[in-house]
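Single-structure report; data block below.
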Amino acid sequence: MVHFVGAGPGAVDLITVRGQDLLREADRVIYAGSLVNPAFLELCKDGCICLNSATMTLEEVLDAIINAEREGLTTVRLHTGDTGLYSTIREQMDRLDALRIPYDVTPGVSSFSASAAAVHAEFTLPGVSQTLIITRMPGRTPVPDTEDMAALAKHRASMAVFLSASLLDRLTAKLLEGGLQADTPAAIVYKASWPDEKVIMCTVGTLEKAAREAGVSTTAMILIGAFLNGAGERSRLYDPSFTHMFREGTVAD
Ligand code: SAH
């Protein structure tokens, strides 16, 4: 059996309880060593073999899984953050489907959530934005034309931009092209939840300069939007006049 597990953003206590249990029971762990905290490997039982996929091809990862299956062993494939975002699990699951190897998926805390927590922000504020756009700049992996950053910026929604810390000049140009003002709030969160986490508050216009001055060019989340300024209107959920399923307010809605 193969378990795909989201390790969370970095801190060892931000993996789920289920993910931690699976890690403790695994015979083989294949971890994304470029971003997964090596401290997770200390949870593994004696005799567990841990392989760093940063130095492996997809074929080598699959060979390791297939060999473990032949021996009736349990493999944990440990990915950073959540398994559902930029994690490459789909291509692995497709191969396992073809080989009829069973697997399940345990989600994790994504770095976009950990980054919002690091800056004490909420993406969805009444009167500011009720939408979060999760995206990236095109790098070696292309982004479909319909998801061009300038087109996404036109929505004025809250944004969490992955995999783009080394492309900040281009990101700024695209956001301005999409009509955002240069003074729109932005945050660069480097290694959210790790001991060396850094939070840099800046604006759309100063992203590249702010990252350069802080020495950040990898493993960072870029947050963009007016939500970083703080509350807009108060939420209706906790408004004394608002009636809902669990509370009788002074005004029915
Ligand atoms: N599946 C992961 C994303 C992997 S892609 C998740 O859900 O978080 C790798 C990118 O994620 C990095 O380039 C960076 O943009 C972001 N990232 C991963 N861990 C991070 C962290 N601890 N702090 C900030 N950004 C992080």
Side-chain angles (χ1 to χ4, degrees), residues 6 8-11 14 32 34-36 79-82 84-88 108-125 128-230:
L14 281 180
S34 52
L35 281 174
V36 167
H79 285 277
T80 181
D82 179 41
L85 289 168
Y86 310 110
S87 70
T88 74
V109 175
S110 177
S111 56
F112 79 83
S113 302
S115 297
V119 299
H120 299 182
E122 180 177 351
F123 290 115
T124 50
L125 297 176
V128 178
S129 175
Q130 291 289 290
T131 303
L132 171 62
I133 294 176
I134 289 172
T135 189
R136 61 170 296 171
M137 288 292 283
R140 268 176 296 180
T141 303
V143 171
D145 290 347
T146 49
E147 297 169 15
D148 181 67
M149 188 65 73
L152 298 180
K154 289 195 168 66
H155 291 285
R156 303 289 184 275
S158 305
M159 298 179 94
V161 184
F162 285 68
L163 293 158
S164 303
S166 61
L167 304 167
L168 295 179
D169 268 344
R170 276 158 59 190
L171 175 59
T172 293
K174 280 287 179 186
L175 295 171
L176 297 178
E177 183 189 329
L180 289 190
Q181 300 295 314
D183 63 357
T184 303
I188 301 165
V189 185
Y190 170 75
K191 293 183 87 175
S193 86
W194 289 68
D196 50 345
E197 170 187 296
K198 277 187 209 170
V199 171
I200 305 139
M201 303 307 293
C202 59
T203 63
V204 161
T206 59
L207 275 168
E208 198 278 330
K209 180 170 176 283
R212 190 166 17 93
E213 285 174 1
V216 170
S217 60
T218 54
T219 326
M221 179 64 51
I222 313 300
L223 305 177
I224 295 146
F227 73 97
L228 291 164
N229 275 340

How long is the gap from [atom1] on [X] to [atom2] on [Y], to the nearest 0.5 Å?
{"X": "Phe227", "Y": "Met159", "atom1": "CZ", "atom2": "CE", "result": "10.5 Å"}
{"X": "Leu35", "Y": "Trp194", "atom1": "CG", "atom2": "CH2", "result": "7.0 Å"}
{"X": "Thr141", "Y": "Arg136", "atom1": "OG1", "atom2": "CZ", "result": "4.5 Å"}
{"X": "Leu207", "Y": "Leu168", "atom1": "CG", "atom2": "CG", "result": "5.5 Å"}

If you draw a 6.0 Å radius around CD in Gln181, do more than 12 non-hydrogen atoms from other residues or ligands fall strictly inside?
no
Least distance between heavy atoms, [X] atom then [Y] atom:
{"X": "Val189", "Y": "Ala118", "answer": "CG1-CB, 4.0 Å"}
{"X": "Pro185", "Y": "Asn229", "answer": "CG-OD1, 3.4 Å"}
{"X": "Met201", "Y": "Ala187", "answer": "SD-CB, 3.8 Å"}

Residues in salt bridge (Lys or Arg N to Asp or Glu O under 4.0 Å) with Asp196, at least two apart?
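By the salt bridge (Lys or Arg N to Asp or Glu O under 4.0 Å) rule, Asp196 matches Lys191.
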List the residues meeting salt bridge (Lys or Arg N to Asp or Glu O under 4.0 Å) with Asp169, not counting sequence neighbours, and say none if there are none.
none
Given Ser193, which of Ser113, Ser115, Pro9 fulfils the side-chain contact (heavy atoms from CB on, under 4.5 Å) condition?
Pro9
In a table with atom names and distances, give each donor-acceptor pair under 3.5 Å that connects a side chain of residues 146-155 to protein atoms at least two apart or in another chain.
from   : atom 1 : to     : atom 2 : distance (Å)
Asp148 : OD1    : Lys174 : NZ     : 3.0
Asp148 : OD2    : Ala150 : N      : 3.3
Asp148 : OD2    : Lys174 : NZ     : 3.4

Give a yes or no on whether the backbone of [Y] and the side-chain of [X] come within a donor-acceptor separation of less than 3.5 Å.
{"X": "Ser164", "Y": "Met137", "answer": "yes"}
{"X": "Arg156", "Y": "Ser129", "answer": "no"}
{"X": "Asp82", "Y": "Val109", "answer": "no"}

Any Ser110 side-chain heavy atom under 4.5 Å of Phe162 side chain
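Yes, side chains in contact.
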Is Cys202 close to Ile188 at the side-chain level, that is, under 4.5 Å between some pair of heavy atoms?
yes
Leu132: what forms a side-chain contact (heavy atoms from CB on, under 4.5 Å) with it, not counting sequence neighbours?
Phe112, Phe123, Ile134, Ser158, Ala160
Report, one line per pair, each donor and acceptor closer than 3.5 Å where one atom sits in a side chain of residues 210-226; sequence neighbours left out.
from   : atom 1 : to     : atom 2 : distance (Å)
Arg212 : NE     : Glu208 : OE1    : 3.3
Arg212 : NE     : Glu208 : OE2    : 3.3
Arg212 : NH2    : Glu208 : OE1    : 3.0
Glu213 : OE2    : Lys209 : NZ     : 3.3

Any residue meeting ring-ring contact (aromatic ring centres under 6.0 Å, His included) with Tyr190, in chain and number order, not counting sequence neighbours:
none
